[in-house]
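Structure first, commentary second.
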Amino acid sequence: MTMFADIHATVLAALNEMCAEGRLPAGLDMRAVAVEPPRDAAHGDMATNAAMVLAKPAGMNPREIAVALAEKLTKDARIASAEVAGPGFLNLRLTAAAWRGVVATILAQSASYGRSALGQGRRINVEYVSANPTGPLHVGHTRGAVFGDALARLLDFTGHDVTREYYINDGGAQVDVLARSVYLRYLEAHGQEVAFADGTYPGDYLIEVGQALKDEVGDAYLGQDEAVWLSAIRDFATDRMLVLIREDLATLGVEMDVFYSEKSLYGTGRIEAALADLRGKGLIYEGVLEPPKGKTPEDWEPREQTLFKSSEFGDDVDRPVMKSDGSWTYFAPDIAYHYDKITRGFDELIDIFGADHGGYVKRMKAAVAALSNNRVPLDIKLMQLVRLKRGDQELKMSKRAGTFVTLRDVVEMVGPDVTRFVMLTRKNDAPLDFDVDKVREQSKDNPVFYVQYAHARVQSVLRKGAELGIMPGGADDLAAISDPAELALVAKLAHWPRLVESAAEAHEPHRIAFYLYELASDFHALWNKGNGEPALRFLQEDDLATSRGKFAMIRAVAIVISNGLGILGVQPADKM
RNA sequence: GCACCCGUAGCUCAGCUGGAUAGAGCGCUGCCCUCCGAAGGCAGAGGCCAGGGGUUCGAAUCCCUUCGGGUGCGCCA
């Protein structure tokens with residue numbers, strides 16, 4: 001249990017008592033009753049809106065309810081005061097002893113402080129990265145990789161059973177292009193002059209693949225028709241690319257549980273099975289789509305296609321699953337893939353896509369709703385672009401020239417921890433500027449540094465204390481935590497569990513990063529306050545009991561920072 | 001033309017799923033080291049939350065609408 005959950009339960013209990021005593025009507029819906037930190041700390045430690053949300057259904061004046069509730073709550077030993085404010089807020093102040101209890105809790109729970117059973121072991125599948133297996137990962141993929149991984153860790157931390165999954169697009173035309181490009185490199189390895197036409201991948205990273213192919217098959221494919229080698233080289237090359245991609249992900253500390261092959265859906269009856277499910281629900285038909293309004297393609301002509309009635313599930317129009325030539329559209333294997341996830345028994349699905357896939361969201365949600373009979377929710381997070389910069393200069397990417405900034409370039413420039421943290425300092429749907437110079441600065445301007453520095457400062461004091469034989473204390477020493485600034489810091493620590501839960505529910509790991517920044521800021525402020533008020537210094541050489549108490553407090557700060565960074569996949573620094 | 005995302009301080013962005021006087025960093029102005037690390041901190045100036053309607057005790061947040069920016073729109077994946 002946590003402080004906010006405890007008090008919330010206390011408030012509900014008090015309200016129920018009031019019902020039993022006839023001071024409130026029975027059977028009130030209390031789900032809207034919340035206990036939150038007030039926006040302005042001057043209002044108190046916690047505030048409840050109970051009186052306001054219950055006033056109308058109870059047919060009573062909100063202040064009347066608030067006064068009665070306040071009377072009950074002040075009997076609680078942890079609550080120092082309860083004041084009615086504004087239209088009916090009830091502002092609560094907790095006793096210093098109650099806050100000190102939070103420190104004891106944090107030290108006792110340590111690495112699991114903030115863990116929650118919110119997910120109740122629900123099985124949740126997070127699909128991310130899923131980049132085409134045609135080359136190394138670039139900056140854009142990096143953001144998706146970091147976000148997906150942090151989200152997975154966050155869900156794990158909140159009691160979900162998480163599967164991290166990568167969908168390999170190895171079934172489409174782009175892997176044929178890959179195979180042809182590798183063939184050219186293979187010819188090159190045999191000393192031939194080759195030209196990279198449009199529609200091939202000219203990147204240097206395929207040189208060694210061509211060489212490896214030569215090492216493996218010798219001259220077997222020289223002068224041969226594409227029909228002879230295409231399929232074999234495709235498999236060879238995609239395997240190589242997947243090794244590359246796994247290595248890229250590993251440099252960031254990202255590890256997948258499942259790599260799921262698109263190709264495995266073809267010729268195995270799995271696409272057919274998924275569509276048969278939809279057909280059985282009357283959601284597949286043959287028909288002709290209207291041309292898109294406003295922007296009709298030049299070569300538009302009406303054609304009959306096999307369509308999915310996605311419009312019955314909130315999509316704008318029905319979507320084709322089969323092209324007019326009888327082959328599948330990309331949507332068909334995607335339906336089959338999500339059908340497979342549903343059949344595997346997941347309770348919830350999350351897809352992380354690039355923002356350019358925005359037009360795909362509604363049909364995918366429609367498909368999952370239809371296939372699972374609305375049982376399995378699908379959340380799709382769209383990742384906005386990353387603008388990579390060095391100072392004022394933007395590092396441009398050009399796919400045609402084969403020059404792009406890779407994930408590995410970024411990690412080599414700034415390290416995995418900085419890459420991860422900075423990528424998480426923005427909401428997923430906001431564009432991100434990533435300045436490779438700025439993120440390496442050791443200053444307040446750099447949020448990674450700022451948070452790491454707070455952790456390192458705690459460790460530094462604790463080390464110094466250890467030299468003097470002072471260790472963080474237990475419950476008996478916590479009276480040393482008494483200044484309002486100290487209690488405010490502890491209150492911030494008490495927010496951690498509810499912050500974690502709200503971030504997990506919203507699927508928004510960036511909230512963790514922002515919280516850590518605020519916590520670090522509060523800590524640095526308290527540290528500096530010790531300059532003017534020696535009583536606030538953590539190390540009090542002439543008063544060991546006080547030192548032990550304050551050490552317990554700052555150790556709690558380090559624990560929360562460490563737990564938070566753990567969710568972001570960042571190593572806390574002990575020294576800087 | 002339609003759909004989705006976005007619009008908050010000069011700049012870059014938060015805003016806890018509807019709460020009280022809208023916050024932080026940078027930049028600007030002025031302060032704080034005989035002191036556990038100044039790689040920090042404190043204070044000040046700076047806002048019609050793009051505009052307009054609505055919903056209710058209460059809106060930056062939810063709904064409608066206008067304007068502005070981004071992305072996407074059958075036989076690409």
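Predicted model only: the values in this text are computed from it and were never measured. Numbered from 1 within each chain, the chains take letters A, B, ... in sequence-line order.
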When the [atom1] atoms of [N] and [M] are considered, how many whole Å apart are they?
{"N": "B:G41", "M": "B:A50", "atom1": "P", "result": "30 Å"}
{"N": "B:G74", "M": "B:A3", "atom1": "C1'", "result": "16 Å"}
{"N": "B:U61", "M": "B:C16", "atom1": "C1'", "result": "12 Å"}
{"N": "B:A45", "M": "B:U29", "atom1": "C1'", "result": "8 Å"}
{"N": "B:C67", "M": "B:U55", "atom1": "C1'", "result": "23 Å"}
{"N": "B:C62", "M": "B:G15", "atom1": "P", "result": "12 Å"}
{"N": "B:C11", "M": "B:C28", "atom1": "C1'", "result": "12 Å"}
{"N": "B:A60", "M": "B:A9", "atom1": "P", "result": "15 Å"}

_Tell me whether the rings of A:Trp527 and A:Phe538 are parallel (<30°), tilted (30 to 60°) or perpendicular (>60°)._
perpendicular
Can you tell me how far [atom2] of [N] sits from [atom1] of [X], to the nearest Å?
{"X": "A:Phe353", "N": "B:G72", "atom1": "CZ", "atom2": "P", "value": "15 Å"}
{"X": "A:Lys389", "N": "B:U12", "atom1": "NZ", "atom2": "P", "value": "9 Å"}
{"X": "A:Phe331", "N": "B:A77", "atom1": "CZ", "atom2": "C1'", "value": "14 Å"}
{"X": "A:Ile271", "N": "B:A77", "atom1": "CD1", "atom2": "P", "value": "12 Å"}
{"X": "A:Asp325", "N": "B:C76", "atom1": "CG", "atom2": "C1'", "value": "13 Å"}
{"X": "A:Glu262", "N": "B:C76", "atom1": "CD", "atom2": "C1'", "value": "12 Å"}
{"X": "A:Tyr515", "N": "B:A14", "atom1": "OH", "atom2": "C1'", "value": "16 Å"}
{"X": "A:Glu508", "N": "B:U61", "atom1": "CD", "atom2": "C1'", "value": "13 Å"}

*For A:Leu565 and A:Pro572, work out which heavy atoms get closest and say how close.*
CD1-CA, 3.7 Å
Under a 3.5 Å cut-off for both distances, is [N] Watson-Crick or wobble paired, and to whom?
{"N": "B:G18", "value": "none"}
{"N": "B:A3", "value": "B:U71"}
{"N": "B:A60", "value": "none"}
{"N": "B:G44", "value": "B:C28"}

*Contact nearer the 5' end of RNA chain B, comparing A:Gly359 with A:Trp328*: A:Gly359
*Return the 5'-most residue of the pair A:Glu304, A:Glu518 with respect to RNA chain B, ranking by each residue's nearest nucleotide.*
A:Glu518
Pick base, sugar-phosphate or nothing for [X], based on heavy-atom distances below 4.0 Å to the nucleic acid.
{"X": "A:His495", "value": "nothing"}
{"X": "A:Pro534", "value": "nothing"}
{"X": "A:Phe538", "value": "base"}
{"X": "A:Arg457", "value": "sugar-phosphate"}
{"X": "A:Ala34", "value": "nothing"}
{"X": "A:Ser502", "value": "sugar-phosphate"}
{"X": "A:Glu441", "value": "nothing"}
{"X": "A:Glu541", "value": "nothing"}
{"X": "A:Val53", "value": "base"}

Considering only [options], which nucleotide approaches the side chain of [X] most closely?
{"X": "A:Ala430", "options": "B:G40, B:G19, B:A14", "value": "B:A14"}
{"X": "A:Asn49", "options": "B:A77, B:G19, B:G15", "value": "B:G19"}
{"X": "A:Ser443", "options": "B:C57, B:G40, B:C36", "value": "B:G40"}
{"X": "A:Asp429", "options": "B:C5, B:A14, B:G74", "value": "B:C5"}
{"X": "A:Lys427", "options": "B:A3, B:A20, B:G15", "value": "B:G15"}
{"X": "A:Ser324", "options": "B:C36, B:A77, B:C75", "value": "B:C75"}
{"X": "A:Arg426", "options": "B:A14, B:C4, B:G15", "value": "B:A14"}
{"X": "A:Ala525", "options": "B:C42, B:C4, B:G40", "value": "B:C42"}
{"X": "A:Phe89", "options": "B:G19, B:A14, B:C75", "value": "B:G19"}
{"X": "A:Tyr453", "options": "B:G19, B:C76, B:A38", "value": "B:A38"}

Could you tell me if [Y] and [X] have a donor-acceptor pair between their side chains, going purely by distance under 3.5 Å?
{"X": "A:Thr134", "Y": "A:Gln174", "result": "no"}
{"X": "A:Arg457", "Y": "A:Tyr453", "result": "yes"}
{"X": "A:Asp351", "Y": "A:Tyr167", "result": "no"}
{"X": "A:His507", "Y": "A:Asn428", "result": "no"}

*Please say whether more than 12 non-hydrogen atoms of neighbouring residues, nucleotides or ligands are located less than 6.0 Å from CZ in A:Arg537.*
yes
*Would you indicate whether A:Glu541, at its atom CD, is surrounded by more than 12 heavy atoms from other residues, nucleotides or ligands within a distance under 6.0 Å?*
no
Looking at [X], I'd like to know whether one of its side-chain N or O atoms comes within less than 4.0 Å of OP1 or OP2 on [N].
{"X": "A:Lys56", "N": "B:C57", "answer": "yes"}
{"X": "A:Lys323", "N": "B:G74", "answer": "no"}
{"X": "A:Tyr450", "N": "B:G41", "answer": "yes"}
{"X": "A:Lys444", "N": "B:G40", "answer": "no"}
{"X": "A:Lys492", "N": "B:C16", "answer": "no"}
{"X": "A:His510", "N": "B:G15", "answer": "yes"}

Donor/acceptor link under 3.5 angstrom from [X] side chain onto base of [N]:
{"X": "A:Asp356", "N": "B:G72", "value": "no"}
{"X": "A:Asp334", "N": "B:A77", "value": "no"}
{"X": "A:Arg498", "N": "B:C16", "value": "yes"}

*Any ion pair linking A:Lys389 and A:Asp435 (charged N to carboxylate O, less than 4.0 Å)?*
no
*Decide, applying a 5.5 Å centre-distance limit and a 30° plane-angle limit (both strict), whether A:His43 stacks on B:A20.*
yes
_Going by centres under 5.5 angstrom and planes under 30 degrees, do the aromatic ring of A:Tyr517 and the base ring of B:A24 stack?_
no
*Mind telling me if B:U12 is syn or anti? Syn here is a glycosidic angle within 90° of 0.*
anti
*Does A:Arg498 count as lying over the ring of A:Phe4, i.e. NZ or CZ under 6.0 Å from the six-ring centre, within 45 degrees of the axis?*
yes
